[in-house]
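Heads up: numbering here begins at 1 and tracks the sequence.
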Amino acid sequence: MARVVLTQAAPRVEAVAARLRERGHEVLALGLTRIVEREPEQLRDAVGRIDAFDVVVLVSPAAVQVAARLAPEWPAATAAAVVGPGSRAAFDDAGFRRAPARILAPVEPPFDGAALARLAPLDAPSGLRVLVLRGESGSDGWIDALRARGARVEVLAAYRHEAREPASAVLDALRDWLDDAARSVYFVVAQAAGVARLERVLARAALDEQAKLRTAFAIHPRIAQALREAGWQDVRAIEPGEHALVCAIESASDSSSPHVV
């Protein structure tokens, strides 16, 4: 049994927490942000003509959920594309009545837009019609590269992250965990921006110094670097997705030796 602190956005964090608890782990869901779906007219229009696109890129599990709600009958000729295993797995729970027939996804790290853009047909994108559904902000480098190589790319914000404060009871429980030096505590950080949010929450609760002595799992090298720069001493880079997270947690909890990536 491990003690795990999840920082992913709500409501998804609660589902991840529930599945880890089913495996016998103790879990605190900080949920530093909440995903709020948007539905502006421009988004409804684009999804309404989804069969006009060759590829629709869904950059996160939240984008997959939005797509399932707005386009539950996915057109057979339109490919879906995702950047990581977490988004790929989200199709299983998204509720599509007819899921995409083709889902493009990198098969090995790094799981990001640049890796996705190296897959066919995005590797030869001249004339390709691409729709990108993401949050209100994100990396534009790979999108700019597709456009420079002739793709017609439309980018729309399907949701936003709304800051929220953890409940005082959750922070009290975290304080008890950190005071217990005999038990390991693992923090899971899934967004680079989440590092700064986590820093602020821990500092306000006067828990930051204790927390940084514990292990942090990061699902991308950029997140791992941000954690190290913030002073975390044991940072372990893992692949995205729940399977990789479970393997990392259970492997770490079975070993008493340090493992810094």
Tell me whether [Y] is reachable from [X] by hopping between hydrophobic residues (I, L, V, M, F, W, Y) whose side-chain heavy atoms are closer than 4.5 Å.
{"X": "I143", "Y": "V56", "result": "no"}
{"X": "V66", "Y": "V57", "result": "no"}
{"X": "L128", "Y": "L146", "result": "yes"}
{"X": "I223", "Y": "I249", "result": "yes"}
{"X": "V155", "Y": "L133", "result": "no"}

[X], [atom1]: over 12 other non-hydrogen atoms inside 6.0 angstrom:
{"X": "E73", "atom1": "CD", "value": "yes"}
{"X": "E136", "atom1": "CD", "value": "yes"}
{"X": "E209", "atom1": "CD", "value": "no"}

Donor-acceptor under 3.5 Å ([X] side chain, [Y] main chain):
{"X": "R129", "Y": "A151", "value": "no"}
{"X": "R164", "Y": "G31", "value": "yes"}
{"X": "K212", "Y": "L207", "value": "no"}
{"X": "R21", "Y": "V27", "value": "yes"}
{"X": "R38", "Y": "A157", "value": "yes"}
{"X": "R236", "Y": "A224", "value": "no"}
{"X": "R34", "Y": "P11", "value": "no"}
{"X": "R98", "Y": "W74", "value": "yes"}
{"X": "S87", "Y": "V82", "value": "no"}

[Y] side chain reached by [X] side chain, heavy atoms, under 4.5 Å:
{"X": "I103", "Y": "P100", "answer": "yes"}
{"X": "D176", "Y": "D180", "answer": "no"}
{"X": "S139", "Y": "V59", "answer": "no"}
{"X": "R23", "Y": "M1", "answer": "no"}
{"X": "E154", "Y": "V130", "answer": "no"}
{"X": "W232", "Y": "L198", "answer": "yes"}
{"X": "L32", "Y": "P166", "answer": "yes"}
{"X": "H243", "Y": "P85", "answer": "no"}

For T78 and D51, which I'm curious about, is there any donor-acceptor pair between the side chains at under 3.5 Å?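 Note: T78 and D51 side chains miss the donor-acceptor criterion.
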Testing the 3.5 Å rule here: is there a donor-acceptor pair between the side chains of D93 and Q65?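 No.
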To the nearest 0.5 Å, how far apart are [atom1] in [X] and [atom2] in [Y]?
{"X": "C247", "Y": "I238", "atom1": "SG", "atom2": "CD1", "result": "9.5 Å"}
{"X": "L58", "Y": "R134", "atom1": "CG", "atom2": "CZ", "result": "13.0 Å"}
{"X": "T215", "Y": "D234", "atom1": "OG1", "atom2": "CG", "result": "3.5 Å"}
{"X": "R3", "Y": "L178", "atom1": "CZ", "atom2": "CG", "result": "9.5 Å"}
{"X": "L131", "Y": "L43", "atom1": "CG", "atom2": "CG", "result": "8.0 Å"}
{"X": "Q8", "Y": "I35", "atom1": "CD", "atom2": "CD1", "result": "10.0 Å"}

Salt-bridge contact E26-R183 (side-chain N to carboxylate O under 4.0 Å):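 Looking at R183 together with E26, the answer is yes, because their closest N to O distance falls below 4.0 Å.
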Could D179 and R175 be called an ion pair, given the rule that one side-chain N must be under 4.0 Å from one carboxylate O?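 Salt bridge absent between D179 and R175.
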For the residue pair [X] and [Y], what are the closest heavy atoms and their distance?
{"X": "V170", "Y": "A29", "result": "CG1-O, 4.3 Å"}
{"X": "R204", "Y": "E165", "result": "NH2-OE1, 2.8 Å"}
{"X": "V55", "Y": "A81", "result": "CG1-CB, 3.8 Å"}
{"X": "P106", "Y": "D112", "result": "CG-O, 4.5 Å"}
{"X": "P109", "Y": "E239", "result": "CG-OE2, 3.5 Å"}
{"X": "R214", "Y": "A181", "result": "NH2-CA, 4.0 Å"}

Would you sort out whether E162 and R160 count as a salt bridge (charged side-chain N to carboxylate O under 4.0 Å, His left out), showing the intermediate values? CA-CA 6 Å; E162 185 178 89; R160 70 178 187 274; 3.4 Å; yes
Applying side chain to side chain donor-acceptor pair (under 3.5 Å) to E250 and H25, what does each step give before you reach the verdict? CA-CA 9 Å; E250 296 183 354; H25 302 301; 2.9 Å; yes
Is the F217 to Y186 ring centre distance short of 6.0 Å?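 Here the rings of Y186 and F217 have centres that are less than 6.0 Å from each other.
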Please determine whether side-chain contact (heavy atoms from CB on, under 4.5 Å) holds for the pair V153 and W142, giving the CA-CA distance in whole Å, both sets of side-chain angles, and the decisive distance to 0.1 Å. CA-CA 11 Å; V153 185; W142 64 279; over 6 Å; no
Could you go step by step and tell me if L171 and V201 meet the side-chain contact (heavy atoms from CB on, under 4.5 Å) rule? CA-CA 9 Å; L171 292 175; V201 167; 4.0 Å; yes
Are H161 and Q191 close enough, and set up right, to give a side-chain contact (heavy atoms from CB on, under 4.5 Å), and what steps lead you there? CA-CA 11 Å; H161 284 270; Q191 288 185 309; 3.3 Å; yes
In a check of side-chain contact (heavy atoms from CB on, under 4.5 Å) between L6 and each of L28, V189, V16, which one passes?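 Of all the options given, the one that passes is V16.
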Taking the six-membered ring for Trp, are F91 and F96 parallel (under 30°), tilted (30 to 60°) or perpendicular (over 60°)?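 Ring orientation of F91 relative to F96: parallel.
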Would V4 and V188 count as a side-chain contact (heavy atoms from CB on, under 4.5 Å) if you check the C-alpha gap in whole Å, the side-chain angles of each, and the deciding distance to 0.1 Å? CA-CA 7 Å; V4 185; V188 181; 3.8 Å; yes
